[in-house]
Novice: 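Once you've had a glance at the structure underneath, I'll fire off some questions.
Residue numbers start from 1 in every chain, and the chains themselves are labelled A, B, ... in the order their sequence lines are given, proteins ahead of strands. None of these values were measured; they are calculated from a predicted model.
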Amino acid sequence: MKDIREDIAWAKINQDVMKSLENPRRLYWVILFVAICAFGVGVACEIYQYRTGMGVANLNNPQVWGLYIATFIFWIGMSHSGTLLSAILHLMHADWRKPIYRFAEAMTTFSLMTAGLFVMVHIGRLWQFYYSLPYPNERGIWPNFQSPLLWDAMAIFTYLSSSILFLFVGMIPDLAIARDNMADGWRKKLYTLLALGWEGTDRQWRNFRVTYLTIACFLIPLAVSVHSIVASDFAMSQAPGWHVTSFPPYFVAGALYSGCAAIITLFIILRYTFRFEEYMTKSILKKIVRLTFAIAMIWTYLNAVEFAAVWYSHDEASKAVLIEKATGTYAPFWWGMIFCGSVVPLVFAFERFQTNIPVLFATSLLLNLGMWLERWMIIAPTFSHGIYPWTWDHDQWPSMVQWGMVFGSFGWFTLLFMIFCKVFPSVSMYEVKEMVYHRTLHLKKSETAEQGAH
Amino acid sequence: MIDSGSIKQLAGHPIDRRDFLKVLGWSGAAVALSGCGNTSVEDGKETVVSYVEANDYMIPGVGVYYNSTCAQCDAGCSINGRVREGRVLKLEGNPDSGINKGKMCGLGQAGVQDHYNPDRVREPLLRNGAKGETITWEKAYALIAEKLNGVKGEEIAFLSGGVSGHLKVLLGNYLDSIGSKNHFVYEALSPAGVRAANLKSYGVALPRYRLDKAKVVLSFGADFLGSWISPMHFSQQYAQFRKGADGQRGVLIQVESKMSLTGANADRWLVVKPGTEGVLALGIIHALGTASGEIAELVKAYDRVTVSKATGVSVSQIDKIAALLKLRSPSLVLAGSAVEGYAHGAQNAIAINLLNHVLGNVGKTIEAPVAVPFPQLAPSVGNTASLKALNDGLAAGRYKVMFSYATNPVFTAPGAFKFKDSMAKAGFKVAFAHYLDETALQADLVLPLDSALEDWGTQIPEYLADGMQLNIQQPLMEKLHANTRSMGDILLALVKQRRVEDYKGFEDYYAYLRSSLLQNKGALGAGGSDDDNFWNEALTKGILKIASSAAMLSDRAAASGLQLPKAEEVDAKFPMHFIPGVTASMRDGRHANQPWLQESPDPLTTIVWDSWVEIHPKKAFELGIAEGDIVEVTSKTGSIKAQAYLFSGIHPEAVSVPLGRGHEALGRYAKGFGVNPFGILDAVYDKETGELAMHETRVSIKKTGARVLIVKDEGAAGGLQMGRKIAVSKTTDQVDLSEEV
Amino acid sequence: MSKRHLLAMYANFEEAEAVVKELRSANISGFNAGDDMIVKSPIEHPEVEEFLGEKPVYVQWFTLVGSIMGGLLGFFLISGAQANFYTQMKGGKPIVPLPPNFVLTYEMFILGGVFITILGFLICAGLPAKRSSLYSTKVSEDHIAILVEVEEAAVGAIKAIFVKHKALEIQEEAGK
Amino acid sequence: MSVSNLLENWSQFRHAHPVDDKPHDPYKWAMSIDLDACTGCNACSIACYAENNIPVVGKERFQHGQQMHWMRIERYWDEDGRDFPDQGAQFLPMMCQQCEAAPCETVCPVAATNHTADGLNSQIYNRCVGSRYCSANCPFKVRYFNWYDYPTDEAVWPAEMRQQLNPDVSVRSKGVMEKCTFCVQRLSAAKSVAKSEGRIVREGEVQTACQQSCPTGAISFGNLVDPESRVHKQWQAQRVELDKDKQAKDEHEEGTDLRGYRILEELRPYPSVMYLERVRESAV
């Protein structure tokens with residue numbers, strides 16, 4: 001199967017990637033348009049809810065959270081694979097990451113931003129949002145540092161800012177390339193500004209290497225901490241079905257899972273719209289697919305562990321929730337999650353599907369659906385079937401306003417992502433060059449070795 | 001002795017003393033009038049104190065409390081209203097009242113919402129085709145005078161709810177002045193049958209029930225904790241009864257076909273075949289085996305097996321009850337509203353009362369009531385027979401002019417009466433109303449009344465729980481609406497049309513009331529004290545406690561001529577008994593427009609804002625009915641559609657729909673919520689008393705196919721705790737109440 | 001004695017390496033191979049360090065300081081805030097509860113680390129920098145550039161070496 | 001300076017409720033509810049509406065589970081599958097239990113709900129941003145959220161009805177959480193009176209609205225640390241201790257004649273409301 005050619009001219013790499021900033025396929029504009037419409041719907045819903053009150057989301061006591069928090073977790077989770085691919089694989093010198101990590105990181109950043117939005121639409125008094133920030137004030141009032149929600153805020157802020165920096169630093173040499181190849185105009189100005197006068201001197205490269213490595217090292221534990229903190233929003237509470245020890249690893253696995261699935265989806269979309277067949281090769285796709293499969297199995301395992309733990313415990317309330325999940329109002333969705341999350345990925349086990357683009361595209365979408373359902377199934381059943389039977393409520397159903405905003409969030413994310421790919425090189429040029437360079441060296445060595453043998 | 005000279009002087013012209021006393025409502029008073037202390041017309045000029053103009057006793061930001069009387073039902077609880085900056089905020093109970101001793105039920109507290117209700121009538125309205133046009137009071141009065149002109153007394157009908165005190169006096173005097181004797185006092189839910197039975201059994205209509213003295217209370221369908229006679233008083237007695245004098249907890253056994261709030265609190269709730277309560281009572285007498293003579297003779301036929309078959313109560317259960325009643329004395333047996341609702345209702349009640357005689361409770365837990373010393377002020381209590389009389393009269397076109405006050409017959413009359421049509425036959429209909437309710441809508445002239453919290457008045461409750469007391473009603477704040485008037489003022493104005501001379505001394509109802517009370521302050525327990533002191537004290541207390549003698553109880557058991565019907569065969573067309581449910585907050589529905597009451601969940605079903613059909617799960621299963629199914633309940637008279645609620649606290653052969661909802665008028669919080677079961681009640685009467693037998697309607701149940709989500713407070717788990725330790729209970733052998741604080 | 005800049009472009013790495021070796025060996029007066037020579041490349045060549053000789057990198061020290069400061073700052077700011085905000089008392093929990101503060105401290109530790117590392121990078125790499133006078137966009141494509149700073153006198157010698165190794169292009173700063 | 005402050009009073013900052021020997025001095029408001037006396041008549045609930053300006057949300061919103069009753073009467077049936085509930089129903093008034101170790105307090109991101117010195121679980125409407133985490137973490141589900149802007153809703157409070165609102169209690173606007181406060185407005189009034197007279201609030205001096213209306217006197221309320229108070233005596237008689245999660249009566253397997261218990265005690269929220277078990281006659 002064909003991979004990036006060793007003999008590809010470096011100049012061509014520049015041209016190809018720079019082209020992606022100029023003229024993508026028509027599909028790009030279609031996607032962009034759809035995204036804008038979807039986002040519009042979301043905004044409309046929020047305006048309506050903001051003016052009328054949270055009631056229009058058809059939330060109630062005890063169902064106080066609904067889809068907002070579920071989707072919030074979903075987006076947080078999605079953000080994790082960017083880091084995984086970029087940082088971990090970077091540390092392991094897996095050079096096949098090089099053509100694809102850029103958009104993966106972009107995905108991280110933007111899904112974090114989307115997640116942030118859900119905190120906003122969720123709270124009852126958006127106009128008082130700043131109360132939850134630890135800013136010094138004359139009254140000496142501070143937010144409650146004991147609240148997992150505040151840990152969330154802190155972790156997400158750290159994660160978001162770090163990933164943005166990581167993304168930016170990694171992009172500097174490419175910005176320099178863009179600067180050098182771009183005709184005069186606002187773009188050139190932009191790149192000149194962002195390239196910070198990068199010239200690829202030995203000194204710059206030296207420090208660059210160390211810095212990049214360091215941040216990568218920071219990002220990995222950070223990513224893990226972020227989603228385990230999100231998990232502790234639930235694990236730290238007393239609610240049945242939430243108060244589970246294995247939640248943090250379970251959440252992290254779920255996060256990586258949905259992230260990888262999303263990467264496959266976006267990989268396929270970018271590959272086509274920006275004509276990256278040359279760089280985003282099927283062999284790379286194959287590697288991601290295998291990685292995803294592995295993670296899917298880990299997730300399946302942790303899922304089973306969670307249920308087993310509850311089943312084996314003497315916590316009647318939690319058991320009741322589990323049974324409710326499997327047999328109650330939400331059963332179809334819960335089983336849907338199991339199917340999408342644990343059965344569908346088995347497709348990846350077959351060699352012939354591992355590079356079959358249509359199949360992979362469909363599958364990856366299913367996986368993400370499954371991961372979204374997982375988040376919803378963590379939230380809803382616990383609320384509708386909590387500790388206190390008198391307030392059990394199995395009839396609560398998210399209103400169109402909630403669905404509208406979930407829909408809109410996908411629009412928002414796609415919008416940001418697509419614009420990014422159009423403005424910034426979504427394939428790392430300098431690293432592709434490195435990749436090619438090292439391969440050639442390797443080939444040379446092996447040739448000379450052969451000659452020696454004769 | 002009263003100085004008639006001074007009276008001549010003040011009345012401005014010579015009238016003889018008897019008339020004068022009649023005017024003021026003291027004629028025939030059982031106590032001597034004290035003539036000392038002079039009254040002056042000046043008092044009449046006093047005006048109602050405005051709580052809006054800050055007086056020295058009103059500190060902004062601090063609540064001031066005024067005592068008055070609750071008008072939400074007839075129990076006559078005394079209220080203690082919190083007023084701030086001239087606005088009444090909350091009604092507490094008045095601790096000095098022997099009736100409610102500082103407590104308030106939900107219905108009573110909702111009185112403020114009656115006062116502040118946005119749907120009150122604010123202007124006198126004259127029918128002009130389909131709609132009403134606003135007119136002035138002068139015009140309204142003139143119109144009444146004109147319409148009465150040349151109409152014979154017997155052609156005038158005055159329908160009212162239960163009235164007492166000086167309002168009753170004025171009303172009586174007015175009717176007298178227009179020569180009418182047709183005062184129909186109607187209450188849809190009054191214990192008329194029980195009164196009749198009690199008269200036979202005890203010689204009094206309502207004896208004083210002493211739950212607090214009883215060790216066992218055997219209640220046949222008496223919802224004394226919810227809506228029966230004087231719930232606030234009974235509830236407090238119940239608390240003592242439960243604690244027990246010597247730490248021995250009182251035992252409550254409730255016998256009824258549909259669980260009431262009281263039944264829900266019983267140690268043993270026994271479901272009986274509707275109408276067989278009396279049979280069970282006789283069965284218990286039989287099982288006691290202590291009766292002799294006439295009674296023994298009577299109950300001979302009622303051996304445990306027969307009774308068990310007839311009532312559906314197990315033999316062992318009957319024995320247990322008998323044993324307990326023997327063991328613990330004194331006990332108290334109550335015949336409540338559920339037993340009187342049959343063609344043999346009075347007989348039912350008499351049979352049950354018999355138990356008290358057999359158990360020797362009469363005189364112990366059944367005490368003689370106090371006699372009301374002032375017959376003219378004594379409450380004239382409502383019943384349903386009077387409505388029947390009125391309805392027949394109207395239908396026969398006997399009445400040209402009809403007045404309606406404090407009652408809503410178009411809503412509460414049984415469907416079989418077709419009251420609306422009958423009423424249309426009256427030429428000129430005047431409604432004194434707080435709201436544009438169903439009856440007011442049929443009237444030609446609607447006169448807006450002050451709310452109970454704006455009004456003056458005196459009231460004597462029918463059930464004097466704790467000695468004779470005259471309840472004072474005074475405004476807790478200034479009128480909300482300029483053009484509403486006190487019923488007293490209206491009657492005064494009307495009576496002045498006829499007897500201006502007698503009444504011209506009284507500028508308004510307040511003046512009338514004041515001078516009337518002062519006139520007799522000696523008898524009211526303030527002989528000799530200065531008028532103003534007496535008056536102010538009366539207003540401060542809100543109650544006048546009056547020494548009075550007790551009536552006589554007859555301890556002679558009225559067993560003779562007692563006969564209970566044999567079990568009647570089931571009508572195939574209408575197989576089920578229909579039990580109109582009486583809930584503590586809705587009652588007959590006159591307060592349905594008070595949102596607190598609409599949103600406070602029904603204690604047993606936790607349903608809000610709507611009606612429902614209680615049906616036993618077994619029966620529901622037979623008929624394939626599930627919770628929330630819209631079922632059609634059809635009687636000979638009519639049919640209603642409502643959501644089904646599976647309720648195990650009801651006899652499988654009966655269904656129940658709560659009264660009070662299903663208004664077509666009244667106001668925004670009442671209109672269009674639920675259905676009105678009054679509408680399907682057949683016209684069946686108690687053979688003895690002629691009272692409407694509300695439980696005699698038979699119905700059939702049909703699924704309509706529609707289904708709704710029942711709006712109720714209980715969650716998806718229903719009334720189950722799912723093994724969580726939330727509401728825990730013990731049995732008496734596991735506790736020692738005497739140790740408790 | 002004024003100095004001038006020279007920039008030579010090479011197609012591939014081997015030649016550039018050769019040039020650098022030669023420049024180093026031929027010790028020309030007025031030119032210090034150690035300090036006056038900068039190699040610009042489109043990608044990062046580990047080899048460059050080998051032939052340019054080890055040069056120290058100080059970024060890690062920023063990282064260390066940054067993360068420690070971040071952590072300490074986090075812990076004391078939060079605990080301090082709690083200690084001064086009594087009304088935040090939570091039933092069943094002390095006013096300054098350690099476990100949650102540790103979580104936040106951890107986040108601040110990373111935050112500080114990342115931010116200061118970036119700062120360190122900018123300082124050490126001298127970014128943002130003014131573009132040097134001699135630069136070719138080819139560098140960002142596939143060429144290797146060698147930029148030297150020499151005395152007037154040595155210019156000739158250097159050029160000679162560049163030419164000898166078939167420099168694709170030689171840029172020269174205009175002399176004064 | 002915060003850090004010095006921190007270092008000086010470290011031990012104090014590490015002190016936690018309710019395990020301390022004498023957590024509240026001079027006040028610890030507590031309640032006890034006798035389920036045997038409670039008849040489920042709803043008077044308390046309506047009194048609460050009247051006193052605390054609770055909005056009547058209307059049928060549709062009630063259907064959506066958005067009712068606001070701070071005090072709700074729960075009705076339970078015996079679970080032994082009989083055809084008829086021949087031992088009646090069991091009523092349970094449920095309102096905020098004012099937990100000593102309240103699960104809701106720790107999770108609020110903006111510290112809008114806190115523990116007060118007199119042992120209440122306070123709710124600061126002005127501070128609340130409406131994350132609803134407190135409700136999510138409340139085992140009793142007694143916190144109610146303002147899903148709509150009720151004060152400006154003509155259907156909820158028409159102009160006339162608005163005159164009935166209690167000026168001592170703030171009317172909550174859209175987006176904030178609310179719950180039973182033990183009628184804190186009455187408590188603070190009583191406390192300030194007592195303070196001006198240089199004493200503490202006496203037993204019987206202050207009543208909650210629900211207690212005041214309860215016709216059977218099932219609810220008693222008072223200062224738990226005042227040995228004169230009925231509540232104190234009741235808790236003592238029932239041997240229920242505030243800072244224990246397992247009471248004397250739970251020790252014996254066969255049970256004792258004690259009736260006092262606290263709901264969901266095993267979750268260790270240390271509620272301030274003691275319930276007395278319902279009793280049923282064993283003879284019939």
Novice: Could you walk me through whether D/N166 and B/R82 pass the side-chain contact (heavy atoms from CB on, under 4.5 Å) test, one step at a time?
Specialist: CA-CA 10 Å; D/N166 182 356; B/R82 176 169 183 238; 3.3 Å; yes
Novice: Can you tell me which portion of D/A47 sits under 4.5 Å from chain B's heavy atoms? Options are side chain, backbone, both or neither.
Specialist: both
Novice: Is D/S45 close to chain B through its backbone or its side chain, or both, or neither, when contacts mean heavy atoms under 4.5 Å?
Specialist: neither
Novice: Select one option (side chain, backbone, both, neither) describing which atoms of B/S316 are under 4.5 Å from chain D's heavy atoms.
Specialist: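 Contact with chain D involves no heavy atom of B/S316 at all.
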Novice: Please tell me if the side chains of D/T216 and B/K103 come closer than 4.5 Å, counting only heavy atoms from C-beta onward.
Specialist: no
Novice: Side-chain contact test, heavy atoms from C-beta onward, threshold under 4.5 Å: evaluate it for D/T39 versus B/F234 and give yes or no.
Specialist: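 No - every pair of side-chain heavy atoms lies 4.5 Å or more apart.
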Novice: Determine the sole option in B/C105, B/S600, B/S585 for which the side-chain contact (heavy atoms from CB on, under 4.5 Å) test with D/I46 is passed.
Specialist: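 Exactly one pass, corresponding to B/S600.
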Novice: Salt-bridge test for B/D733 and D/R280: reply yes if a basic N is under 4.0 Å from a carboxylate O, no otherwise.
Specialist: no
Novice: For the pair D/D168 and B/R84, find out whether any cationic side-chain nitrogen is under 4.0 Å from an anionic carboxylate oxygen.
Specialist: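 The answer is yes: the pair qualifies as a salt bridge.
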Novice: Supply the atom-to-atom distance B/W596 CH2 to D/N42 CG, rounded to the nearest 0.5 angstrom.
Specialist: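 So the CH2 of B/W596 and the CG of D/N42 are separated by 13.5 Å.
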Novice: Between chain B and each of D/C214, D/S32, D/C38, count heavy-atom pairs under 4.5 Å; write down the option with the most.
Specialist: D/C214
Novice: By a 4.5 Å heavy-atom criterion (distance strictly below it), what part of D/Y275 contacts chain B: side chain, backbone, both, or neither?
Specialist: neither
Novice: Strictly less than 4.5 Å between heavy atoms, which residues of residues 110-120 of chain B line up against chain D? Please order them by number.
Specialist: B/V112, B/Q113, B/Y116, B/N117, B/P118
Novice: With sequence neighbours left out, write down each residue that passes salt bridge (Lys or Arg N to Asp or Glu O under 4.0 Å) with D/E60, or none if nothing qualifies.
Specialist: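 Checked D/E60 against salt bridge (Lys or Arg N to Asp or Glu O under 4.0 Å); zero matches.
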Novice: Indicate yes or no: does D/R72 engage B/E714 in a salt bridge with an N to O separation below 4.0 Å.
Specialist: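 A salt bridge is absent here (no side-chain N lies under 4.0 Å from a carboxylate O).
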Novice: Show the numbers, then the answer: is there a side-chain contact (heavy atoms from CB on, under 4.5 Å) between B/L720 and D/Y76?
Specialist: CA-CA 6 Å; B/L720 306 183; D/Y76 295 104; over 6 Å; no
Novice: Has B/R122 got more than 12 heavy atoms of other residues, nucleotides or ligands less than 6.0 Å from its CZ?
Specialist: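 For B/R122, atom CZ is crowded (more than 12 foreign heavy atoms under 6.0 Å).
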Novice: How long is the span from the SG atom in D/C41 to the CG atom in B/N265, to the nearest 0.5 Å?
Specialist: 9.0 Å
Novice: When rounded to the nearest 0.5 angstrom, what distance separates CG in D/D78 from OG in B/S648?
Specialist: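 Output value for this atom pair is 10.0 Å.
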Novice: D/G88 and B/W269: which non-hydrogen atoms are nearest, and at how many Å?
Specialist: N-CB, 4.4 Å
Novice: Is any side-chain heavy atom of D/F84 closer than 4.5 Å to one of B/H616?
Specialist: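 With C-beta onward as the side chain, the pair touches.
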Novice: Pick one of side chain, backbone, both or neither for D/A218, based on which atoms fall under 4.5 Å of a heavy atom in chain B.
Specialist: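 Neither part; nothing is under 4.5 Å.
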Novice: Specify the closest pair of heavy atoms between D/G40 and B/L261, including all atoms of both residues, with the distance to one decimal.
Specialist: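 Minimum heavy-atom contact is O-CD1, 3.9 Å.
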Novice: Looking at residues at least two apart in the chain, or sitting in another chain, which of them share a side-chain hydrogen bond (donor to acceptor under 3.5 Å, both in side chains) with D/E203?
Specialist: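 Partners of D/E203 under the side-chain hydrogen bond (donor to acceptor under 3.5 Å, both in side chains) test: none.
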Novice: Using non-hydrogen atoms only, which part of D/P93 is less than 4.5 Å away from chain B: side chain, backbone, both, or neither?
Specialist: neither
Novice: With a 4.5 angstrom heavy-atom cut-off, which part of B/K725 approaches chain D: side chain, backbone, both or neither?
Specialist: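 Both backbone and side chain.
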Novice: Give a yes-or-no answer on whether the side chains of B/D713 and D/H69 include a donor-acceptor pair shorter than 3.5 Å.
Specialist: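 B/D713 vs D/H69: donor-acceptor pair found between side chains.
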Novice: Using the side chain to side chain contact (heavy atoms under 4.5 Å, CB included) criterion, which residues pair with B/N80? Sequence neighbours excluded.
Specialist: B/Y65, B/N67, B/E92, B/N94
Novice: Is there side-chain contact between B/M104 and D/P215, with at least one heavy-atom pair below 4.5 Å?
Specialist: no
Novice: First locate atom CG of D/L258, then atom CD of B/Q734, and finally report the distance between them rounded to the nearest 0.5 Å.
Specialist: 12.0 Å
Novice: Between chain B and each of D/F140, D/W77, D/F62, D/F91, count heavy-atom pairs under 4.5 Å; write down the option with the most.
Specialist: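 Ranked by heavy-atom pairs under 4.5 Å with chain B, first place is D/F62.
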Novice: Is a side-chain donor-acceptor pair under 3.5 Å present for B/D267 with D/Q87?
Specialist: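 The criterion, which ignores hydrogens and geometry beyond distance, is not satisfied for B/D267 and D/Q87.
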Novice: May I ask you to name which of D/R162, D/Q212, D/M94, D/K233 has the most heavy-atom pairs under 4.5 Å with chain B?
Specialist: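 Greatest number of close heavy-atom pairs with chain B: D/Q212.
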Novice: State, yes or no, whether a side-chain contact exists between D/D83 and B/K618 at a heavy-atom distance under 4.5 Å.
Specialist: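 D/D83 reaches B/K618 side chain to side chain.
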Novice: Might you point out which heavy atoms bring B/L604 and D/R75 nearest each other, and give the distance in Å?
Specialist: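 Smallest interatomic distance, heavy atoms only, reads O-NE, 2.6 Å.
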Novice: Any idea which of D/A89, D/A43, D/A50, D/P85 has the most non-hydrogen atom pairs under 4.5 angstrom with chain B?
Specialist: D/P85
Novice: Could you check if a side-chain atom of B/D610 sits within less than 4.5 angstrom of a side-chain atom of D/K59, using non-hydrogen atoms only?
Specialist: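 Result yes, sub-4.5 Å side-chain heavy-atom pair found.
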Novice: Who wins among D/D34, D/D86, D/V156 for the most heavy-atom pairs under 4.5 Å with chain B?
Specialist: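 Most pairs with chain B among the choices: D/D86.
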Novice: What part of B/H233 gets closer than 4.5 Å to chain D, counting heavy atoms only: side chain, backbone, both or neither?
Specialist: neither
Novice: D/V284 vs B/V251, test: side-chain contact (heavy atoms from CB on, under 4.5 Å). Steps then yes/no.
Specialist: CA-CA 9 Å; D/V284 285; B/V251 185; 4.1 Å; yes
Novice: Which heavy atom of D/V279 sits nearest to which heavy atom of B/R249, and what is that distance?
Specialist: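 Nearest heavy atoms, D/V279 then B/R249: O-NH2, 2.7 Å.
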Novice: For B/L480, is it the side chain, the backbone, both or neither that has a heavy atom under 4.5 Å from a heavy atom of chain D?
Specialist: side chain
Novice: Test side-chain contact (heavy atoms from CB on, under 4.5 Å) on B/V728 and D/R278; report intermediate values, then the result.
Specialist: CA-CA 6 Å; B/V728 191; D/R278 177 189 75 158; over 6 Å; no
Novice: Would you sort out whether D/D36 and B/K243 count as a salt bridge (charged side-chain N to carboxylate O under 4.0 Å, His left out), showing the intermediate values?
Specialist: CA-CA 9 Å; D/D36 194 36; B/K243 283 263 167 291; 5.7 Å; no
Novice: How close do B/E599 and D/V57 get, counting heavy atoms only, and between which atoms?
Specialist: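 Scanning both residues, the minimum pair turns out to be OE2-N, 3.0 Å.
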Novice: Please give me the minimum heavy-atom distance between D/A283 and B/R328, naming the atom from each residue.
Specialist: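 For D/A283 and B/R328, the tightest heavy-atom pair comes out as CB-NH2, 4.5 Å.
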